[in-house]
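Heavy atoms only: backbone and side chains are in, while hydrogens, waters and symmetry mates are out. These figures come from a predicted structure and were not determined experimentally. Proteins get letters first, then strands, A, B, ... in listed order; numbering begins at 1 in each.
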Amino acid sequence: MKLVLARVDNRLIHGQVLEAWVPNTHANCIVVANDEIAETTMRRLLMEAAVPKGIQVVVDKVEAVAHLLCSGELGDARVLLLFATVSDALLAFRAGAPITTLNLGNMHAGAGKLKCSCTIALSPEDIDDLRTLDDSGVKIMSQCVPTEREIAWSSMLPRTEG
Amino acid sequence: MKGLVIATHADLGASLLRACELIIGPLPNACAISVQREDDIDTVRQTFATAIAEVGRDGDGVLIMTDMLGGTPANIGGSFVDAERVDLLTGVSLPMVLKFFNSKADLGLSELALILKAYGQQGIQLISELLKR
């Protein structure tokens, strides 16, 4: 198993992932780590139907995904791993998911969030979780699509935060 | 009368409605939802709810058409599917939109959806293949 991309994207599997990141990373397995969708048949079916034939899809709870990634069960798959939130990414990391780089894709605005770019808004909890991951040696970069420049997450924060 | 919501990335849906209007005239009970890169998911979901209520005011059902299976418009639209009341058809094209308005009014929503699915598929042809026949 080679983890070719670990991404936080609140849209999970969508156009940017299927049409930009899959071709860019040559991923042949998309793993969605999300407790809610793992238990919602309709959303799982729609997700599985959307992925082109030849690409494996796994949808499971966050901790189960962390264990799967460590288990060797995925053979020599090139895995694109998706989380809806930073806290899920941290949970998976703590449960042993071999994440060395984390891509921030879409984390949209909401009440009380700090807007860092057109697609990234961070809550105080997101910032704490990202700091924890950063301190643990995970390289965290914001990049919506492969043709955009990567930006280190810390440089997106206002100076008082950074 | 059944309602139509065309939900797409950027302004494709609005353009499809304009193109359709140019061919057959004003389109009742139809609207377009444009999903932009920076849109918050919950806001888009709310836009869907409002649009479905608006075009579905006659109580004859609403068909959502989206550009791409697996895209955000289809992912969100999928959560509104409700047996006889709301259905979702992906891979929208101009022929499908035209046929929606040019179909018999007494067709049920699911009957119409199946016809439009087949009609959209028929609309995709490679001309050199046709010439070889």
Novice: Counting only non-hydrogen atoms closer than 4.5 Å, does A/Val17 touch chain B with its backbone (N, CA, C, O), its side chain (CB onward), both, or neither?
Specialist: neither
Novice: In Å and rounded to the nearest 0.5 Å, what is the CG to OG1 distance from A/Leu46 to B/Thr90?
Specialist: 9.0 Å
Novice: Quick check: are there more than 12 heavy atoms from other residues, nucleotides or ligands sitting under 6.0 Å from NZ of A/Lys115?
Specialist: yes
Novice: Could you check whether atom CG of B/Asp106 has more than 12 heavy atoms from other residues, nucleotides or ligands sitting under 6.0 Å from it?
Specialist: yes
Novice: Identify which part of A/Met47 has an atom lying under 4.5 Å from any heavy atom of chain B, answering side chain, backbone, both or neither.
Specialist: neither
Novice: Okay, side chain of B/Arg57, backbone of B/Glu54: is any donor-acceptor separation there less than 3.5 Å?
Specialist: yes
Novice: Can you tell me how far apart CG (A/Leu80) and CG (A/Leu5) are? Round to the nearest 0.5 Å.
Specialist: 4.5 Å
Novice: Has A/His26 got a side-chain atom pairing as donor or acceptor with A/Val22's backbone, closer than 3.5 angstrom?
Specialist: no
Novice: Rounded to the nearest 0.5 Å, what separates atom CH2 in A/Trp153 from atom CG in A/Leu133?
Specialist: 9.0 Å
Novice: Taking only Lys NZ, Arg NE, NH1 and NH2, and the carboxylate oxygens of Asp or Glu, determine whether A/Asp9 and A/Arg11 approach each other closer than 4.0 Å.
Specialist: no
Novice: Say you draw a straight line from CZ of A/Arg7 to CG of A/Leu104; how long is it, rounded to the nearest 0.5 Å?
Specialist: 9.0 Å
Novice: Quick check: does any side chain N or O of A/Ser123 sit under 3.5 Å from a backbone N or O of A/Asp126, one acting as donor and the other as acceptor?
Specialist: yes
Novice: By the definition side-chain contact (heavy atoms from CB on, under 4.5 Å), identify the one residue from A/Leu69, A/Val4, A/Val65 that meets it with A/Val79.
Specialist: A/Leu69
Novice: With respect to A/Ile30, which candidate in A/Ile55, A/Leu81, A/Val58 satisfies the side-chain contact (heavy atoms from CB on, under 4.5 Å) definition?
Specialist: A/Ile55
Novice: I'd like to know if the side chain of A/Lys2 reaches the main chain of A/Ala77, judged simply by a donor and an acceptor atom lying under 3.5 Å from each other, with no hydrogens or angles considered.
Specialist: no
Novice: Identify the residues of residues 58-83 of chain B whose heavy atoms come closer than 4.5 Å to a heavy atom of chain A, ordered by number, or report 'none'.
Specialist: B/Met68, B/Leu69, B/Gly70, B/Gly71, B/Thr72, B/Ala74, B/Asn75, B/Gly78, B/Val81
Novice: For A/Glu39, what residues pass the side-chain hydrogen bond (donor to acceptor under 3.5 Å, both in side chains) criterion, not counting sequence neighbours?
Specialist: A/Lys61
Novice: Hey, which residues of residues 108-133 of chain B are touching chain A, say heavy atoms under 4.5 Å apart?
Specialist: none
Novice: What residues of residues 35-45 of chain B sit under 4.5 Å from chain A when only non-hydrogen atoms are counted?
Specialist: B/Val35, B/Gln36, B/Arg37, B/Glu38, B/Asp39, B/Asp40, B/Ile41
